[in-house]
Amino acid sequence: AKGKSGRRAAIVRGSGVLDAHQAAAFLGAHVETLRRMARAHAIPAYKIGKDRRFREGALRHWSETHHIRESSPVVLVLDDDGDVHHKVRKGLAPEGYRVVTAADRVEALAVVRRDAPDVLILDLEMDDKTGIDVLRHVREKQPDIPVIVVAQPPKSQLLAEALRHSPVIVLPKPVEEEVVRKTVLLVLEGVKRR
């Protein structure tokens with residue numbers, strides 16, 4: 001059986017520039033974990049168009065002092081409605097997602113710093129434009145993160161402001177577990193193809 005060193009030797013013979021799948025094999029990690037770390041700037045990578053690339057030498061140096069902690073994709077839910085938190089968790093936990101909830105801006109930004117979520121689900125209509133503020137901050141740190149807005153229906157000016165920061169998917173409230181599950185799977189599949 002080929003060990004880590006065998007995988008590394010097979011990949012290194014090329015150009016020294018690896019795509020996400022090659023870099024994940026090089027480090028013995030799951031490709032989605034590697035992509036999440038690259039989006040959060042936690043591992044040396046650079047972007048060409050929508051794709052991330054990794055220099056073999058930089059990864060080798062990085063791996064001498066760091067280890068990849070494998071984890072499930074992280075979904076951050078920012079909503080002041082506990083029922084939304086419950087339904088999202090119930091819909092996604094069986095799929096192996098780690099759902100982290102926040103009821104306000106401070107909690108949400110702490111999660112963004114700590115976990116670099118893979119998907120953001122948020123309500124725009126909270127006190128003091130909390131949803132818009134968090135969306136703006138997340139876009140600065142993680143420009144490619146998929147965003148799902150839950151709203152009842154959203155006020156047009158709030159939705160217009162959210163769209164200025166990025167494309168979003170809008171789901172109606174009350175949220176349905178199966179719709180949330182399918183939507184998150186769909187947006188993460190879109191991220192994988194980039």
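A 4.5 Å side-chain heavy-atom check between Asp51 and Tyr46 finds every atom pair outside the cut-off. Residues Val88 and Tyr97 are not in side-chain contact: their nearest non-hydrogen atoms beyond the backbone lie 4.5 Å or more apart. Using a 4.5 Å heavy-atom threshold, the side chains of Ile121 and Val184 count as touching. With contacts defined as side-chain heavy-atom distances shorter than 4.5 Å, the pair Ile169/Val187 qualifies.
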Legend entry - Verdict with supporting geometry, Lys141 and Arg113, side chain to side chain contact (heavy atoms under 4.5 Å, CB included): CA-CA 9 Å; Lys141 303 291 182 196; Arg113 282 189 298 274; over 6 Å; no
Legend entry - Criterion side chain to side chain contact (heavy atoms under 4.5 Å, CB included) on Leu78 and Asp104, from CA distance to verdict: CA-CA 7 Å; Leu78 171 59; Asp104 60 40; 5.6 Å; no
Inset, instruction - Let me see the working for Asp144 and Arg139 under salt bridge (Lys or Arg N to Asp or Glu O under 4.0 Å), right down to the final yes or no. - result: CA-CA 7 Å; Asp144 297 330; Arg139 279 291 175 220; 6.0 Å; no
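Here the straight-line distance linking atom CD of Glu64 with atom CG of Leu59 works out to 11.5 Å at 0.5 Å rounding. Here the straight-line distance linking atom CD1 of Ile43 with atom CZ of Phe54 works out to 6.5 Å at 0.5 Å rounding. Taken to the nearest 0.5 Å, the NE2 atom of His137 stands 5.0 Å off from the CG atom of Leu109. Atom CZ of Arg114 is separated from atom CG of Leu76 by 9.5 Å, given to the nearest 0.5 angstrom. In this structure, CD in Gln22 is found 12.0 Å from CG in Leu27, a value given to the nearest 0.5 Å.
Heavy-atom neighbours of Lys90 NZ from other residues, nucleotides or ligands within 6.0 Å: at or below the threshold of 12.
Ion pairing between a basic and an acidic side chain is recognised when a charged N comes within 4.0 Å of a carboxylate O; Arg35 and Asp118 show no such pairing. A salt bridge links Glu56 with Arg60: at least one charged nitrogen is closer than 4.0 Å to a carboxylate oxygen.
Heavy atoms only, all atoms of each residue included: Pro94 and Arg89 are closest at CD-O, 4.2 Å. Closest of all the heavy-atom pairs between Ala45 and Ala38 is CB-CB, 4.0 Å.
Under the salt bridge (Lys or Arg N to Asp or Glu O under 4.0 Å) criterion, Lys173 pairs with Asp79, Asp123, not counting sequence neighbours. Scored by the salt bridge (Lys or Arg N to Asp or Glu O under 4.0 Å) test, Asp83 finds Lys87 as partners (sequence neighbours excluded).
Checked by atom type and distance alone, the side chain of Gln142 pairs as donor or acceptor with a backbone atom of Pro117 at under 3.5 Å.
For the side-chain contact (heavy atoms from CB on, under 4.5 Å) criterion with Leu171, the lone passing option out of Val179, Val149, Val84 is Val179.
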